[in-house]
Every structure is written in structure tokens, then in C-alpha cells.
Protein chains: 2
Amino acid sequence: MGTTHGHPAALRRDWVDHAIAEISAAGHRSGAARRRVIEALAEHDCCLSAQELHDQLQAGGKPVGIASVYRVVELLLSLRLVQRFDFDGGMSRYEPALPGGEHHHHLVCLKCGDVRPFDDEGLEHAIHSTADSADWAIEGHDVVLSGRCPNCRG
Amino acid sequence: MGTTHGHPAALRRDWVDHAIAEISAAGHRSGAARRRVIEALAEHDCCLSAQELHDQLQAGGKPVGIASVYRVVELLLSLRLVQRFDFDGGMSRYEPALPGGEHHHHLVCLKCGDVRPFDDEGLEHAIHSTADSADWAIEGHDVVLSGRCPNCRG
DNA sequence: GTTCCTGCAAAATTTTTGCATCAGT
DNA sequence: ACTGATGCAAAAATTTTGCAGGAAC
């Protein structure tokens with residue numbers, strides 16, 4: 001398997017500027033809630049829930065109403081600036097969709113709920129082959145492997 | 001890409017007996033709600049939401065309370081007799097986990113929301129390679145390709 | 001100054017739980 | 001008979017929406 005760390009911090013910093021520019025290009029304004037949510041997303045190397053974004057921003061002294069968090073991630077989603085993940089039937093999680101197309105997939109622990117990113121070039125290649133031969137116009141993909149993390153494997 | 005139809009009806013019929021036997025083996029009883037939900041799941045070749053199961057059973061004259069639908073799918077999930085999918089942040093969907101390990105993955109239309117099963121042996125192989133080399137004890141996996149279905153492609 | 005953005009509160013949606021009753025063993 | 005299963009209704013959790021005030025352009 002490939003690396004299990006997230007994306008380089010530099011790419012995530014670029015993504016902040018990219019996201020703000022795209023929002024502006026789409027005719028929207030740049031308010032505090034938008035900037036704060038975008039920065040919070042960029043601080044992490046894996047996906048965050050709306051509640052986690054809200055709590056983290058509040059703890060950092062830059063509070064954003066939960067409704068605004070949802071509105072910002074929905075806007076980002078509509079501009080394809082974030083990807084949404086739904087692992088466990090509870091809440092959705094969001095992470096930056098980096099402009100270069102770099103992305104990772106996810107390992108989810110069935111016991112403790114931990115989520116970790118991973119990437120694998122062979123798997124990526126197989127997915128593109130599949131997508132290319134599909135009858136659909138494929139725009140995105142996601143792979144989730146579920147099991148026991150090293151801590152919970154006992 | 002492989003076939004895009006679901007599993008053979010015979011496999012799904014076997015699954016009904018398998019599921020009931022497993023529930024019994026786990027020390028549970030065989031009530032009407034359980035049998036009805038299991039049969040409803042087996043009638044389809046792709047995943048259904050709790051509300052769809054509830055509505056379909058009611059329309060078929062075999063009503064099951066929505067709370068029971070949720071309790072049955074949760075029981076099936078805990079015994080690994082169904083797999084749960086969360087495609088779009090809304091409701092969860094459930095489909096039989098066939099005993100032989102046969103399974104498919106999903107194409108989700110970003111426009112109309114349609115979900116269709118597909119399978120691809122090369123992709124499956126790549127996933128197993130990835131899973132085998134992971135630091136985790138992988139127990140399951142899922143792949144979702146999203147895009148435009150033939151009807152929505154324009 | 002106008003229009004969009006934001007936060008709060010209320011509503012909508014999906015899922016879970018409490019409890020009395022009923023059914024399976 | 002005993003214990004677990006079911007349905008209804010209430011509650012909980014997550015997400016969306018209405019509206020009034022404030023900020024961006």
C-alpha cells in the first residue's frame with residue numbers, strides 16, 4: 001500500500017487560495033464564515049464533520065454558526081472544491097478536493113470509528129480503467145476499506 | 001467493465017434462508033418483521049433505504065413498523081448479513097451480503113440520484129492487493145463511482 | 001445603497017429509544 | 001410461562017430553511 005499520510009501542507013495552503021478565488025469567480029462574496037470554514041478544512045489532512053468544523057472554529061476563537069458551516073460546505077461542494085464522505089450512516093464528512101486531482105481514499109475502523117487516509121497507485125489505476133469503460137460519464141470515485149485498526153485488532 | 005446486473009435471483013433466495021438460519025444461530029427468534037424485511041431485501045438486486053423497505057412492505061400488505069425496519073437492518077448488519085451504504089448524506093441504504101462473498105459496487109448518478117450495481121474483476125483484484133498489504137485487518141470494502149447516467153448525460 | 005452573507009431559531013428529515021403488548025420458543 | 005420481538009409515539013441527532021440584522025462590494 002502507498003503512503004498513509006495526508007496531502008502535503010503546501011498543497012492544502014494553495015487550496016485555500018484556490019477555493020477563495022473560485023468562489024469569487026463564481027460571483028460570490030468572501031465573508032468571514034466562508035474564510036474560516038475553508039481555513040479549518042485546510043488544517044487537516046483528512047475529512048471533518050460539520051460539527052467538528054463548528055467546534056474547532058469555536059475553540060479557536062473564530063466561531064461560525066452551524067447553519068453557516070452547512071451552507072459553506074454545500075457551496076464548496078457545488079463548486080467541487082470539497083468532497084463529501086458518508087462512512088457510517090451518521091454525519092457527513094468533508095475534505096478539500098485539491099486542484100491537481102490528488103486525493104486519497106479511506107480506512108475506517110469498525111470498532112473505534114477512526115478514519116485514516118491512504119493511497120495506492122495500483123488501485124487508482126484499476127479504478128480509472130473501470131471508469132473509462134463505463135457507460136456513464138464518471139466524474140469522481142471513492143474507495144472505503146473497513147476493518148480493525150492496529151489498536152483495535154487485539 | 002463487468003456485468004451491470006445484480007446477483008442471480010437464486011443466490012438472493014438462498015440468502016433468505018441463510019439469514020434466517022444465522023439469526024436463529026445467534027440466539028434470536030424469527031418474528032414476522034424480520035422475515036418480511038429479509039424477504040423485501042432479497043427481492044431487489046440493489047440497495048434499499050429503510051423508508052423504501054417500509055413503503056414496499058406496506059404496499060404489499062405486509063406492513064412493518066419503521067422502527068422495526070431499522071431494528072431488523074441493524075441486527076442484520078451486526079451479523080454481517082447486509083451491507084450498509086451511504087451515498088449522498090441523506091438516508092442509508094441496505095443490501096444483502098451474499099454468503100459466497102459475491103458482491104458488487106455502485107454507480108451513483110449525481111443528477112437523478114439513480115444507483116446501479118456493477119462489478120469489475122480487475123478492480124476487485126486491485127482492492128484485495130491493497131487490503132492484503134494494509135496495516136489494518138480489512139473486513140470489507142466498497143467502491144462508489146459517481147457521475148452522469150446515460151439518461152442524464154445530455 | 002444594494003445585495004448577499006451570517007447567525008439564531010424553528011422546521012424537516014432520518015434514526016433511535018421507551019414502553020406496553022404480542023408472539024415465539 | 002417466560003423472554004424476546006414488535007408497533008406506536010416520543011426523543012435524539014443531523015441537516016435545512018426563514019428571517020432579521022450586518023457585511024461586502
Side-chain angles (χ1 to χ4, degrees), chain A residues 19-40 47-58 60-79 81-82 84-94 113 115, chain B residues 19-41 47-58 60-79 81-94 113 115:
Chain A
I20 291 172
E22 286 290 307
I23 284 176
S24 174
H28 300 287
R29 296 176 183 172
S30 173
R34 284 175 185 171
R35 284 192 304 273
R36 288 174 178 182
V37 169
I38 289 168
E39 281 158 15
C47 49
L48 290 171
S49 68
Q51 193 62 56
E52 286 166 345
L53 287 165
H54 173 265
D55 293 349
Q56 173 184 317
L57 285 163
Q58 189 149 69
K62 297 187 184 309
V64 173
I66 188 69
S68 294
V69 173
Y70 280 107
R71 280 187 284 233
V72 174
V73 294
E74 188 192 318
L75 174 64
L76 293 170
L77 210 46
S78 73
L79 297 173
L81 292 165
V82 297
R84 178 167 61 191
F85 298 96
D86 302 281
F87 296 131
D88 55 4
M91 66 238 152
S92 294
R93 292 169 170 273
Y94 307 85
V115 178
Chain B
I20 291 172
E22 286 290 307
I23 285 175
S24 173
H28 299 286
R29 296 177 181 173
S30 174
R34 285 175 184 170
R35 284 191 303 273
R36 287 174 178 183
V37 169
I38 289 167
E39 281 159 14
L41 282 165
C47 49
L48 289 172
S49 68
Q51 194 63 55
E52 286 167 345
L53 286 165
H54 173 265
D55 293 349
Q56 173 184 315
L57 285 163
Q58 189 148 72
K62 297 188 184 311
V64 172
I66 188 69
S68 294
V69 173
Y70 280 106
R71 281 187 283 231
V72 173
V73 294
E74 188 192 315
L75 174 64
L76 292 169
L77 211 46
S78 73
L79 297 173
L81 292 164
V82 296
Q83 189 171 359
R84 178 169 60 191
F85 298 96
D86 302 280
F87 296 131
D88 55 4
M91 66 238 153
S92 294
R93 293 171 169 273
Y94 307 86
V115 178

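Just so we're on the same page: letters track the sequence lines, and every chain starts at 1.
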Q: Looking only at the side chain of B:R29 (C-beta and beyond, no hydrogens), which of the listed nucleotides C:dT25, D:dC8, C:dC5 gets closest?
A: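 Looking only at heavy atoms from C-beta outward on B:R29, the closest nucleotide is C:dT25.
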Q: Rounded to whole angstrom units, what separation is found between the CG atom of A:L75 and the P atom of C:dC4?
A: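 Those two atoms, CG and P, are 14 Å apart.
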Q: From CD1 of A:I23 over to C1' of C:dC5, roughly how many Å is that when rounded to an integer?
A: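 Atom-to-atom, A:I23 to C:dC5, this comes out as 12 Å.
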Q: Considering all heavy atoms of both residues, which atom of B:K62 and which atom of B:R36 are nearest to each other, and what is their separation?
A: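 Closest approach of B:K62 to B:R36, heavy atoms only: C-NH1, 3.4 Å.
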Q: Taking any heavy-atom pair under 4.0 Å as a contact, classify B:A67: base, sugar-phosphate, or nothing.
A: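 Base contact - B:A67 has a heavy atom under 4.0 Å of at least one base atom.
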Q: Rounding to an integer number of Å, can you tell me how far A:R35 CZ sits from D:dA24 C1'?
A: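 That distance rounds to 9 Å.
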Q: I need the CE-P distance between A:M91 and C:dT15, as an integer number of Å.
A: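 In whole Å, C:dT15 P lies 14 Å from A:M91 CE.
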Q: Walk me through whether B:I23 and B:L81 qualify under side-chain contact (heavy atoms from CB on, under 4.5 Å).
A: CA-CA 9 Å; B:I23 285 175; B:L81 292 164; 4.3 Å; yes
Q: May I have the distance from A:L53 (atom CG) to D:dT15 (atom P), rounded to whole angstrom?
A: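 The distance from CG of A:L53 to P of D:dT15 comes to 11 Å, rounded to the nearest Å.
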Q: Do other residues, nucleotides or ligands put more than 12 heavy atoms under 6.0 Å from B:Q56 CD?
A: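 Yes, CD of B:Q56 has more than 12 neighbouring heavy atoms, counting only those of other groups under 6.0 Å.
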Q: At under 4.0 Å, does any side-chain N or O of B:H28 touch on OP1 or OP2 of D:dG4?
A: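 No, no such contact exists.
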Q: Any donor-acceptor pair under 3.5 Å linking the side chain of B:R84 with the backbone of A:D88?
A: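 Yes: the side chain of B:R84 pairs with the backbone of A:D88.
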Q: Rounded to whole Å, please give me the gap between OH in A:Y70 and P in C:dA9.
A: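 After rounding, the gap between these two atoms is 17 Å.
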Q: Where each residue is assigned the nucleotide of DNA chain C containing its nearest heavy atom, which of A:V72 and B:E74 is assigned the position nearer the 5′ end?
A: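 Taking each residue's closest nucleotide, the earlier one in sequence belongs to A:V72.
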Q: Send over the distance from A:E52 CD to D:dA13 P, rounded to a whole Å.
A: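 These atoms are roughly 16 Å apart.
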Q: State which of D:dT15, D:dG7, C:dT6 makes the closest approach to the side chain of A:A50.
A: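 Nearest to the side-chain atoms of A:A50, counting from C-beta on, is D:dT15.
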Q: Using a heavy-atom cut-off of 4.0 Å across all strands, would you classify A:R34 as base, sugar-phosphate, or nothing?
A: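 Sugar-phosphate, backbone atoms only, no base.
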Q: Without decimals, in angstroms, what is the distance between A:I66 CD1 and D:dT17 P?
A: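 Rounded to whole Å, this separation is 15 Å.
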Q: Please tell me if B:S30 has a side-chain N or O lying less than 4.0 Å from either OP1 or OP2 of C:dT25.
A: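 For B:S30, the contact criterion (side-chain N or O under 4.0 Å from OP1 or OP2 of C:dT25) is not met.
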Q: Please determine whether the number of non-hydrogen atoms from other residues, nucleotides or ligands lying under 6.0 Å from atom CD of B:E74 exceeds 12.
A: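 No - once you tally the heavy atoms of other residues, nucleotides and ligands closer than 6.0 Å, there are 12 at most.
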Q: Under 4.0 Å between any heavy atoms, over every strand shown, what does B:S92 touch: base, sugar-phosphate, or nothing? Just pick one.
A: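 Touches sugar-phosphate only.
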